[in-house]
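Working notes, beginning with the structure itself.
Note: hydrogens, waters and symmetry copies are ignored here, and every other heavy atom, side chains too, is used. On a predicted model such as this, the values are computed, not experimentally measured, just so you know.
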Amino acid sequence: MIRNGSHAVEEEDKGESSSTSHSPEKRKRVIRVWCDGCYDMVHYGHSNQLRQAKAMGDYLVVGVHTDEEIAKHKGPPVFTQAERYKMIRAIKWVDEIVEGAPYVTTLETLDKYNCDFCVHGDDITLTVDGKDTYDEVKRMGRYRECKRTQGVSTTDLVGRMLLLTKSHHSNVDNAAYQLHTDNFGKGPKGHSPWTGVSQFLQTSQKIIQFASGKEPQPGDTIIYVAGAFDLFHIGHVDFLKTVHKQAEKPYVIVGLHFDQEVNRYKGKNYPIMNIHERTLSVLACRYVSEVVIGAPYAVGKDLLDHFKVDLVCHGKTEVFPDTDGTDPYAEPKKRGIFRILDSGNNLTSDDIVQRIIENRLQFEARNQKKEAKEMAVIEALKHKDDSLKTETALTNN
């Protein structure tokens, strides 16, 4: 029997004699948890769902849908299935992934991968026909729910990319941003509570939940990298994986620049994600040990000495000068601890934004269609609830 909040199922050893059957020593069985989804444009909301799911058991299996299935039920994905598989593998709470998982979650799937139950957020996922994809497992009691992360959605991130303003992460009252929230993810009958836009509020508790809490150990090689890590994507994952391979016992520290600093050297609409959102995205990566929030742009003596840095790495992307025109990596270069790495992946945040802009009409249509289906479900649930109330009132009278 599964106990709520327990990480293992306890069973009496059937081989014991009756005199020892009440012994406190019992066998423990690993609880296997199933999650599935599109995991398109993976953000900290997805990571938080997987973190919560893992906390309900011991071993987390994540099924990822194919491009074909997503296109059929929702519309075109931003990332390819190969890219999405790689992103989910990089999240530190994931133990195993299933490529090409079916869009509708069934008992057959849970049994095939020996999973006790599946976990999903407290929103709703619908098929192309408007049916709940978790209907069967819900009816059979093999469904658990976790809280959806407020303040982020793929819809919102896509909308931010379509804005030509740099104020979306600092002022949600901005007129251009408000226009996006009013139009981008809105169906003909109003806003769905699952596809809306709300402001993300960072808390110390959330950072603690995402952080590993592990200090560097004797023998660890402390590696420092810095950047924006905006719209955390597979280009970042491949780079951090390459960084992680630079030592036998790596302790990777990522320095994240403040929003204003990123906007100084990247311009345009960057960063798409604010510093708090980028912090959680990076902390969720299995190759990262620690994050410096608001790291100085120049990797100077104080930073290197404070963290006892053994190696500083940078990718093949351009290094922009500091505000005074100097090289931000002058100090690690002088110490002979600077290394340029080629991860073999040239994907940038610019590339992702370009994908969105090129497919703008498709994405707007996709989100409006999704919103309309969700609103139809809300109306049906409301109608069912009203009918039950009327029936109860008549019975009581």
Side-chain angles (χ1 to χ4, degrees), residues 35 37 39-44 46-48 50-51 54 59-62 64 77-99 210-214 216-217 219-257 271 273 277-293 295 299 307 309-319 329 332 337-352 355:
C35 280
Y39 299 106
D40 193 25
M41 281 188 61
V42 172
H43 50 67
Y44 60 92
H46 294 118
S47 300
N48 195 37
L50 297 174
R51 178 192 67 79
K54 177 65 178 281
Y59 190 89
L60 180 60
V61 183
V62 181
V64 184
V78 179
F79 288 98
T80 67
Q81 59 200 42
E83 292 170 327
R84 292 181 292 106
Y85 297 154
K86 186 181 286 187
M87 278 302 293
I88 295 301
R89 280 196 177 94
I91 294 175
K92 63 186 179 184
W93 297 287
V94 176
D95 295 300
E96 180 185 335
I97 88 154
V98 173
E99 299 181 1
F210 272 60
S212 68
K214 293 176 182 174
Q217 299 303 306
D220 285 357
T221 300
I222 299 174
I223 309 174
Y224 182 79
V225 300
F229 290 91
D230 194 19
L231 291 174
F232 195 74
H233 53 71
I234 57 160
H236 298 131
V237 166
D238 283 337
F239 170 65
L240 290 170
K241 188 175 183 179
T242 304
V243 169
H244 198 263
K245 288 178 178 176
Q246 299 305 301
E248 192 177 329
K249 292 177 65 183
Y251 187 91
V252 179
I253 301 174
V254 176
L256 289 178
H257 302 140
M273 284 182 160
E277 297 173 311
R278 291 184 284 122
T279 296
L280 294 186
S281 297
V282 174
L283 280 174
C285 180
R286 66 172 70 252
Y287 307 116
V288 175
S289 305
E290 181 63 286
V291 167
V292 180
I293 304 169
V299 184
F307 291 108
V309 175
D310 299 303
L311 181 64
V312 176
C313 296
H314 192 272
K316 301 286 280 186
T317 54
E318 182 183 356
V319 176
Y329 292 104
I337 60 170
F338 182 73
R339 193 176 294 174
I340 292 282
L341 300 178
D342 185 358
S343 67
N345 189 331
N346 299 319
L347 186 74
T348 66
S349 300
D350 278 323
D351 297 330
I352 296 167
R355 289 187 194 186

Approximate separation, where rounding is to 0.5 Å, of [X] [atom1] and [Y] [atom2]:
{"X": "E83", "Y": "D40", "atom1": "CD", "atom2": "CG", "value": "9.5 Å"}
{"X": "L341", "Y": "F239", "atom1": "CG", "atom2": "CZ", "value": "5.5 Å"}
{"X": "L231", "Y": "M41", "atom1": "CG", "atom2": "CE", "value": "5.5 Å"}
{"X": "K92", "Y": "K54", "atom1": "NZ", "atom2": "NZ", "value": "11.0 Å"}
{"X": "I223", "Y": "D310", "atom1": "CD1", "atom2": "CG", "value": "8.0 Å"}
{"X": "H236", "Y": "T348", "atom1": "NE2", "atom2": "OG1", "value": "8.5 Å"}

Are any non-hydrogen side-chain atoms of [X] and [Y] less than 4.5 angstrom apart?
{"X": "L50", "Y": "Y39", "result": "yes"}
{"X": "L311", "Y": "R339", "result": "yes"}
{"X": "L240", "Y": "F232", "result": "yes"}
{"X": "V288", "Y": "F229", "result": "no"}
{"X": "R286", "Y": "V94", "result": "yes"}
{"X": "M87", "Y": "V237", "result": "yes"}
{"X": "D351", "Y": "H233", "result": "no"}
{"X": "L60", "Y": "C35", "result": "yes"}

Q. Between the main-chain N or O of V252 and the side-chain N or O of S289, is there a donor-acceptor pair closer than 3.5 Å?
A.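 Yes, because the side chain of S289 sits within donor-acceptor range (under 3.5 Å) of the backbone of V252.
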
List the atom of [X], the atom of [Y], and the distance in Å for their closest heavy-atom pair.
{"X": "D230", "Y": "S349", "value": "O-OG, 3.0 Å"}
{"X": "C313", "Y": "V225", "value": "O-CG1, 3.6 Å"}
{"X": "R278", "Y": "M273", "value": "NE-O, 3.1 Å"}
{"X": "A228", "Y": "H257", "value": "N-ND1, 4.3 Å"}
{"X": "A295", "Y": "G255", "value": "CB-CA, 3.6 Å"}
{"X": "T242", "Y": "D342", "value": "CG2-O, 4.3 Å"}

Q: Please identify each residue that fulfils side chain to side chain contact (heavy atoms under 4.5 Å, CB included) with H314, with sequence neighbours left out.
A: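 H314 satisfies side chain to side chain contact (heavy atoms under 4.5 Å, CB included) with T317, V319, Y329, F338, I340 once adjacent residues are dropped.
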
Q. Tell me, which pairs form a salt bridge (Lys or Arg N to Asp or Glu O under 4.0 Å) where one or both residues lie in residues 234-255, sequence neighbours left out?
A. K86-D238, D220-K249

(Q) One pair to check against side chain to side chain contact (heavy atoms under 4.5 Å, CB included): T279 and Y44. What are the steps and the verdict? (A) CA-CA 9 Å; T279 296; Y44 60 92; over 6 Å; no

Q. Given Y85, which of I234, V62, I97, V98 fulfils the side-chain contact (heavy atoms from CB on, under 4.5 Å) condition?
A.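 Per the side-chain contact (heavy atoms from CB on, under 4.5 Å) rule, the option paired with Y85 is I97, out of I234, V62, I97, V98.
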
Q.
Between R51 and W93, is the side chain to side chain contact (heavy atoms under 4.5 Å, CB included) condition met? List the steps.
A. CA-CA 6 Å; R51 178 192 67 79; W93 297 287; 3.5 Å; yes

Q | Enclosure of N346 CG (heavy-atom neighbours >12, cutoff 6.0 Å) | A | no

Q: Could you walk me through whether F79 and R355 pass the side chain to side chain contact (heavy atoms under 4.5 Å, CB included) test, one step at a time?
A: CA-CA 9 Å; F79 288 98; R355 289 187 194 186; 3.7 Å; yes

Q: Apply the test side chain to side chain contact (heavy atoms under 4.5 Å, CB included) to residues L280 and S47: give CA-CA distance (whole Å), side-chain angles for both, the deciding distance (0.1 Å), then the verdict.
A: CA-CA 9 Å; L280 294 186; S47 300; over 6 Å; no

